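Written below as structure tokens is the structure these notes are about.
One is the number of the first residue; the rest follow in order along the sequence. Remember, it's a predicted structure, so these values are computed and weren't measured experimentally.
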Amino acid sequence: MKKIWFLISTLVLSIALTACSEESNGTKDEKESTNDEAKAETEDAAKNAKSAMMQFYMSVSKAINSQDGDLNTYEASEEEPTAEMKTSAEASATAVVAELEKVEIPEQLKDQKADLEAALKDLTSSYQTKAEELKKDTPSLEAANETFTKAEEQIGKAFESVGLNASSLGTEVNG
């Protein structure tokens with residue numbers, strides 16, 4: 001009889017251990033599943049940030065390019081610009097300022113918002129300075145171009161923070 005009790009006890013013990021072992025494996029699978037879901041969410045957020053950054057960049061370059069044609073012509077002119085070219089360039093710079101004020105930073109870029117706001121402020125300031133300088137008899141656009149370069153660097157930092165290579169806004173809008 002002791003042998004039967006011993007066998008039954010051993011059988012019950014082995015079943016209990018097997019059941020506990022399976023529950024532990026299930027918990028590990030659940031943890032791995034949760035980790036995989038978290039990784040997928042992180043990857044999706046990174047893709048969304050990259051996409052939002054590209055949309056922001058394109059909206060900035062579109063806002064500038066839609067209005068800066070006369071300003072580019074003035075700046076690229078190899079001969080002495082005429083008064084009409086100067087007036088058109090001034091109006092163009094003023095129109096760019098108005099377009100840049102309409103640009104909005106996407107919600108997905110909340111981590112880069114401070115850099116992008118500063119960049120937009122500097123871009124707007126750059127074109128505002130150009131418009132003011134073009135009202136003078138002998139305009140100097142150097143300070144405005146330095147402010148533009150500063151804004152371009154800030155946008156580059158924001159690009160790198162989401163895993164993209166920095167792009168040259170100057171090349172995009174001055175061509």
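Looking at N48 and S51, their side chains never come closer than 4.5 Å, going by heavy atoms from C-beta outward. Counting heavy atoms from C-beta on, the side chains of L116 and F56 come closer than 4.5 Å. Counting heavy atoms from C-beta outward, P81 and K86 have side chains that stay 4.5 Å or more apart. At least one side-chain heavy atom of L134 sits under 4.5 Å from a side-chain heavy atom of L71. Looking at heavy atoms from C-beta onward, L169 lies in side-chain contact with L123 at the 4.5 angstrom threshold. Y74 has its side chain within reach of L141: a pair of non-hydrogen atoms, C-beta onward, lies under 4.5 Å apart.
Shown here are the side-chain hydrogen bond (donor to acceptor under 3.5 Å, both in side chains) partners of Q67, two or more places apart in sequence or in another chain: there are none. Remark: K135 pairs with no residue by the salt bridge (charged side-chain N to carboxylate O under 4.0 Å, His left out) rule, at least two apart or across chains. Remark: E117 pairs with I105, K113 by the side-chain contact (heavy atoms from CB on, under 4.5 Å) rule, at least two apart or across chains.
Between S92 and G69 the shortest heavy-atom distance is OG-N, 3.9 Å. The two residues A63 and S66 make their nearest non-hydrogen contact at O-OG, 3.0 Å. Residues A151 and A119 approach most closely at CB-O, 3.4 Å, considering heavy atoms. Residues Q108 and A52 approach most closely at CB-CB, 3.8 Å, considering heavy atoms. Smallest separation of non-hydrogen atoms from E172 and N65: O-ND2, 3.3 Å. Taking both residues in full, the closest heavy atoms of A144 and S126 are given as O-OG, 2.8 Å, listed atom of the first, atom of the second, then distance.
Under the 4.0 Å criterion applied to side-chain N and carboxylate O atoms, K130 and E75 are assigned as salt-bridge partners. A salt bridge links K136 with E133: the closest approach of a Lys/Arg side-chain nitrogen to an acidic carboxylate oxygen falls below 4.0 angstrom. Ionic pairing of K157 and E160 is not present here: no N-O contact between side-chain nitrogen and carboxylate oxygen is shorter than 4.0 angstrom.
Remark: N145 CG to E152 CD distance equals 10.5 Å, nearest 0.5 Å. Taken to the nearest 0.5 Å, the CG atom of D122 stands 13.5 Å off from the CD atom of Q128. I155 contributes atom CD1, which lies 13.0 Å from atom CG of L164 (distance to the nearest 0.5 angstrom).
Judged purely by atom type and a 3.5 angstrom limit, T124 uses its side chain to pair as donor or acceptor with the backbone of L120. Side-chain atoms of S77 do not come within 3.5 Å of backbone N or O of T73 as any donor-acceptor pair. N72 places a side-chain N or O within 3.5 Å of a backbone atom of V173 that can act as its donor or acceptor partner.
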(request) For the pair M85 and D70, evaluate side chain to side chain contact (heavy atoms under 4.5 Å, CB included) and give the outcome as yes or no after the intermediate values. (result) CA-CA 7 Å; M85 285 175 70; D70 291 333; over 6 Å; no

(request) Go through the steps for E99 and K102 under the test side chain to side chain contact (heavy atoms under 4.5 Å, CB included), then give the verdict. (result) CA-CA 5 Å; E99 286 298 311; K102 296 177 188 176; 3.2 Å; yes

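At a cut-off of 3.5 Å, with distance as the only test, a side-chain donor of Y57 or S167 sits close to an acceptor on the other residue.
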